Amino acid sequence: MDINSNSNQGAELKVPRHLAVIMDGNGRWAEARGMIRVRGHQQGAEAVRRIIAAAAKAGVQILTLYAFSSENWKRPRTEVQALMKLLGRALTENAQTLNDNDIKVKIIGDVTALSGALQKSIHKLEDLTKDNQRMLLNIAINYGSRLELTRAVQQIAVKVQQGTLKPEDISEDLISRELYAPDNVDLLVRTGGEFRLSNFLLWQAAYAEIFVTDKLWPDFDEAELKRAFAFYSGRERRFGMTSAQIREQAGPGAADKTNIKPEQV
Ligand code: IPE
Ligand code: IPE
Ligand code: MG
């Protein structure tokens, strides 16, 4: 599986450094087949394995997956229980493969609200993979962006109260560093067709390109990931500047962390 082969008419696809995914549509996938929603979540776990492999192969450095939001506790008890069981199983069953593939795993969100067994699996997996270098895989469990920002503000307030930080030294970088996931998102993908963020990475996605696909998460595959990368490759990221300024900056020899080809700019 080569992510860059026979796609985009031979032109190299630009691969985002940080790819974040709202994995939505498991329930609809199951309901459309007359199955219970949990079957959709089970099938979704397969799609998770596929995207991790494809993203790592493509050279994504950070992959952040939205697995369970701080709002998802509002779902029926049986569905929440099934999701927690599935998450626990996925974390233990895939630990060895993730480690063999040099992937570092970090769970983002308030893990203290999770069961003791799940917390144990999380710590084990994070510890096992802590020195891995190829790709950072953030899995958002009991994650909410507002919760993450509130927690960051509380931590900053404590430092100010203790006198170790001056209010005027609070910068954007400092706020980012207090978040579970400090890195800016380059490409945000949402499956299931909804054009909303659902409390995911509000700060980090400030300048993310957004790709929404109608495909339901269990159907997500490498071909769809390539479509997302093709979309991303076609975007001009201006960060507030003009198009002319961007073209000037991207002249020969211009520093660019992604594998963009000069003829694409
Ligand atoms: C996403 O799929 C998985 C989670 C939120 C845990 P959904 O379960 O939200 O699927 P739909 O949106 O109901 O189809
Ligand atoms: C977002 O999906 C959360 C995850 C994918 C884990 P939801 O299905 O919970 O989002 P809403 O409720 O439709 O906004
Ligand atoms: Mg949904």
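Predicted model only: the values in this text are computed from it and were never measured. Each ligand, and each atom within it, is numbered from 1 in the order the structure gives.
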List in chain and number order the residues that pass side-chain contact (heavy atoms from CB on, under 4.5 Å) with L83, two or more places apart in sequence or in another chain; answer none if no residue qualifies.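 side-chain contact (heavy atoms from CB on, under 4.5 Å) list for L83, sorted by chain: H41, F68, E79.
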
At distances under 2.8 Å, what protein N, O or S atoms surround the Mg ion (ligand 3)? D24 OD1

Looking at R134, I'd like to know if its CZ atom is crowded, meaning that more than 12 non-hydrogen atoms belonging to other residues, nucleotides or ligands lie closer than 6.0 Å.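 Yes, enclosed.
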
Exceeds 12 heavy-atom contacts within 6.0 angstrom, atom NZ of K85: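 At most 12 heavy atoms, drawn from other residues, nucleotides or ligands, come within 6.0 Å of this atom.
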
Can you produce the list of protein nitrogen or oxygen atoms under 3.5 Å from a nitrogen or oxygen of ligand 1, alongside each distance?
{"unit_1": "ligand 1", "atom_1": "2 (O)", "unit_2": "D24", "atom_2": "OD1", "d": "3.4"}
{"unit_1": "ligand 1", "atom_1": "2 (O)", "unit_2": "G25", "atom_2": "N", "d": "3.3"}
{"unit_1": "ligand 1", "atom_1": "2 (O)", "unit_2": "N26", "atom_2": "N", "d": "3.2"}
{"unit_1": "ligand 1", "atom_1": "8 (O)", "unit_2": "R37", "atom_2": "NH2", "d": "2.9"}
{"unit_1": "ligand 1", "atom_1": "8 (O)", "unit_2": "R75", "atom_2": "NH1", "d": "2.7"}
{"unit_1": "ligand 1", "atom_1": "9 (O)", "unit_2": "D24", "atom_2": "OD1", "d": "2.8"}
{"unit_1": "ligand 1", "atom_1": "9 (O)", "unit_2": "R75", "atom_2": "NH2", "d": "2.8"}
{"unit_1": "ligand 1", "atom_1": "10 (O)", "unit_2": "G25", "atom_2": "N", "d": "3.4"}
{"unit_1": "ligand 1", "atom_1": "10 (O)", "unit_2": "N26", "atom_2": "N", "d": "3.1"}
{"unit_1": "ligand 1", "atom_1": "10 (O)", "unit_2": "G27", "atom_2": "N", "d": "2.9"}
{"unit_1": "ligand 1", "atom_1": "12 (O)", "unit_2": "D24", "atom_2": "OD1", "d": "2.8"}
{"unit_1": "ligand 1", "atom_1": "12 (O)", "unit_2": "R28", "atom_2": "NE", "d": "3.4"}
{"unit_1": "ligand 1", "atom_1": "12 (O)", "unit_2": "R28", "atom_2": "NH2", "d": "2.9"}
{"unit_1": "ligand 1", "atom_1": "13 (O)", "unit_2": "R37", "atom_2": "NH1", "d": "3.1"}
{"unit_1": "ligand 1", "atom_1": "13 (O)", "unit_2": "R37", "atom_2": "NH2", "d": "3.0"}
{"unit_1": "ligand 1", "atom_1": "14 (O)", "unit_2": "G27", "atom_2": "N", "d": "3.4"}
{"unit_1": "ligand 1", "atom_1": "14 (O)", "unit_2": "R28", "atom_2": "N", "d": "2.7"}
{"unit_1": "ligand 1", "atom_1": "14 (O)", "unit_2": "R28", "atom_2": "NE", "d": "2.7"}

Donor-acceptor pairs are to be reported for all side-chain atoms of residues 164-171 against protein atoms at under 3.5 Å, with residues two or more places apart or in another chain.
{"unit_1": "T164", "atom_1": "OG1", "unit_2": "K159", "atom_2": "O", "d": "3.1"}
{"unit_1": "S171", "atom_1": "OG", "unit_2": "L174", "atom_2": "N", "d": "3.1"}

Mark yes or no: K14 above the aromatic ring of Y232, with NZ or CZ under 6.0 Å from the six-membered ring centre and no more than 45 degrees from the axis.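 The answer is yes; both the distance and angle limits are met.
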
Using a 4.0 Å cut-off to any heavy atom of R196, which atoms of ligand 2 qualify? 11 (P), 13 (O), 14 (O)

Under 3.5 Å, side chain of [X] to main-chain N/O of [Y], donor-acceptor pair present?
X: R49; Y: N94; answer: no
X: N199; Y: S145; answer: yes
X: Y66; Y: S198; answer: yes

With a 4.0 Å heavy-atom cut-off (strictly under), which part of R190 contacts ligand 2: side chain, backbone, both or neither?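 Within the 4.0 Å criterion, R190 contacts ligand 2 through side-chain atoms alone.
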
Could E31 and R37 be called an ion pair, given the rule that one side-chain N must be under 4.0 Å from one carboxylate O?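 Answer for the salt bridge query: yes.
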
Minimum heavy-atom distance between D214 and G193, given as atom pair plus value: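 Heavy-atom minimum between the residues: OD1-CA, 3.5 Å.
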
